[in-house]
Amino acid sequence: MRMNVQLSCFALFALCSVCSSVVLAQDEGVAKSGLEQGEASINVRSDVKLGIKGTGGTTSERLAKLGAAVGDLMGDIRGCYRKQVATTPEVIGALRVTVSLREGAKPQVEVAEQGGASHVLAKCVGQVLGKASYAGVGRPAAAVLSLQFDNSRARGQTMMNAKVAESSQVAVQAAADGGQQAVWSTDGSEITFTVRVPADAGREGLEALVRAFRSGYAGFLDCRRHCEKGGLSAAGDIEASLQIDRQGKATIKLGKISVASPRAPKCAEQSFKKVSFEKPASTVHAEVTVHFAR
């Protein structure tokens, strides 16, 4: 009979543990995932760690009560981080917070950002800690809080941002006529863009042009497919002169076209017109060669 009682107690404990896990999972998964805003990011988990150290001769009793008061505010502090992660999931880091409680005065809170924590997060945490009453904590009392913030998407997002930044880099080299040129190709090298600008155009202007063609290459890919109709090879070059005014409007003049298809001039002109160019500081002149691979 005693064995049955022990087993029953064990089963009850296991059931309670499961229930507790479910409650925590719901709190961590729903409250922290942003699902209340209709976002499908339930797998994102945020983590906030707190460390506290007394300063200014604060007694251990007052430090314990101050620590308990801050512990009661951790839900709101996590809320600050959840809001941050909802917009910029790559933000991780730490905050160093000094809390000073003086007799008859409002709590003084100073927040210092460390390790990549954002100003928005620091401001939100400072407001949470500054508005608290800290009832029951004897005065004077002071402590330094160490808050560390992390989330499951942060490192993956940071890695993805690094890859995007790497892919956005443009290799600029000197052109034969003394100007500058840059070359960009699609992944399969079906299309290659060679963009040339005068030496005085500046690297920024050339990079902006390459970014524009990289974003608008789909139109040229369609043009290449049209040029293959009728069993013809799409291989060849399409040359054009461009002038981009300060509003980002392009004036296009087609040059030599070695693509065999009679559709090439029309679809090439349409493809150039679909490209959205950034607004340059001054008018930019460029020569562009679009190469269709075989």
Side-chain angles (χ1 to χ4, degrees), residues 16-17 19-39 41-155 157-158:
C16 291
S17 299
C19 292
S20 298
S21 299
V22 171
V23 171
L24 287 172
Q26 289 175 341
D27 178 62
E28 295 288 313
V30 175
K32 294 186 178 182
S33 66
L35 287 182
E36 67 277 4
Q37 300 174 357
E39 298 178 6
S41 55
I42 192 168
N43 292 325
V44 178
R45 295 289 185 271
S46 59
D47 181 35
V48 182
K49 296 180 180 179
L50 168 67
I52 184 168
K53 180 180 179 181
T55 61
T58 301
T59 65
S60 57
E61 179 186 358
R62 291 180 180 180
L63 179 61
K65 290 183 177 180
L66 179 55
V70 173
D72 290 340
L73 299 171
M74 287 302 291
D76 293 332
I77 291 174
R78 290 190 179 95
C80 290
Y81 189 47
R82 288 197 296 270
K83 290 179 182 178
Q84 179 74 74
V85 169
T87 56
T88 48
E90 67 271 21
V91 171
I92 59 175
L95 295 177
R96 185 178 186 273
V97 186
T98 302
V99 179
S100 299
L101 306 178
R102 294 187 175 89
E103 191 70 41
K106 293 182 178 181
Q108 293 185 342
V109 177
E110 297 180 3
V111 184
E113 302 165 21
Q114 296 178 329
S118 72
H119 174 69
V120 174
L121 178 60
K123 182 179 179 181
C124 182
V125 171
Q127 289 175 341
V128 169
L129 294 171
K131 292 179 179 179
S133 64
Y134 302 99
V137 181
R139 269 67 166 175
V144 175
L145 312 180
S146 173
L147 290 165
Q148 295 183 334
F149 301 88
D150 197 2
N151 76 83
S152 59
R153 275 187 59 187
R155 289 175 179 79
Q157 186 72 31
T158 301

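Start at 1 with the first residue, then count along the sequence.
Listed by first and then second residue, the ring pair (Phe, Tyr, Trp, His ring centres under 6.0 Å) pairs involving residues 51-71 amount to none (not counting sequence neighbours). For residues 50-99, every residue pair satisfying the ring pair (Phe, Tyr, Trp, His ring centres under 6.0 Å) rule, not counting sequence neighbours, is listed here: Y81-F149. For residues 90-123, the set of pairs meeting the ring pair (Phe, Tyr, Trp, His ring centres under 6.0 Å) definition, not counting sequence neighbours, is empty. Sorted by first and then second residue, the disulfide bond (SG atoms under 2.5 Å apart) pairs with a member in residues 58-150 read C80-C124; sequence neighbours excluded. For the salt bridge (Lys or Arg N to Asp or Glu O under 4.0 Å) condition, the pairs that include at least one residue of residues 49-76, sequence neighbours left out, are E61-K65. Within the structure, no pair that satisfies the salt bridge (Lys or Arg N to Asp or Glu O under 4.0 Å) test touches residues 115-126, not counting sequence neighbours.
Contact annotation: the side chain of M74 approaches that of L147 to within less than 4.5 Å [non-hydrogen atoms, C-beta and beyond]. Side-chain contact check for N151 versus I92: some heavy-atom pair is nearer than 4.5 Å.
Of all the heavy atoms in T58 and T55, the pair that sits closest is OG1-O, 2.7 Å. Considering all non-hydrogen atoms of both residues, G75 and R82 come closest at O-NH2, 4.2 Å.
Here the side chain of T88 pairs a donor or acceptor atom with the backbone of Q84 at under 3.5 angstrom.
For R102, the side chain to side chain donor-acceptor pair (under 3.5 Å) partners at least two apart in sequence or on another chain are Q108. Annotation: side chain to side chain donor-acceptor pair (under 3.5 Å) contacts of T59 (sequence neighbours excluded): none. S100 meets the side chain to side chain donor-acceptor pair (under 3.5 Å) test with no other residue; sequence neighbours excluded.
Distance CD1/I77 to CG/L50: 7.0 Å, rounded to 0.5 Å. In this structure, CG in L66 is found 5.5 Å from CG in L101, a value given to the nearest 0.5 Å. With rounding to the nearest 0.5 Å, the separation of CG in L63 from OG in S60 is 7.5 Å.
By the 6.0 Å contact criterion, CD on Q114 is enclosed, its count of non-hydrogen atoms from other residues, nucleotides or ligands being greater than 12.
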Exercise answer: donor-acceptor pairs, residues 125-146 side-chain atoms, under 3.5 Å, sequence neighbours excluded:
{"residue": "Y134", "atom": "OH", "partner": "L129", "partner atom": "O", "Å": "2.6"}
{"residue": "R139", "atom": "NH1", "partner": "Y134", "partner atom": "O", "Å": "3.1"}
{"residue": "R139", "atom": "NH1", "partner": "V137", "partner atom": "O", "Å": "2.7"}
{"residue": "R139", "atom": "NH2", "partner": "S133", "partner atom": "O", "Å": "3.4"}

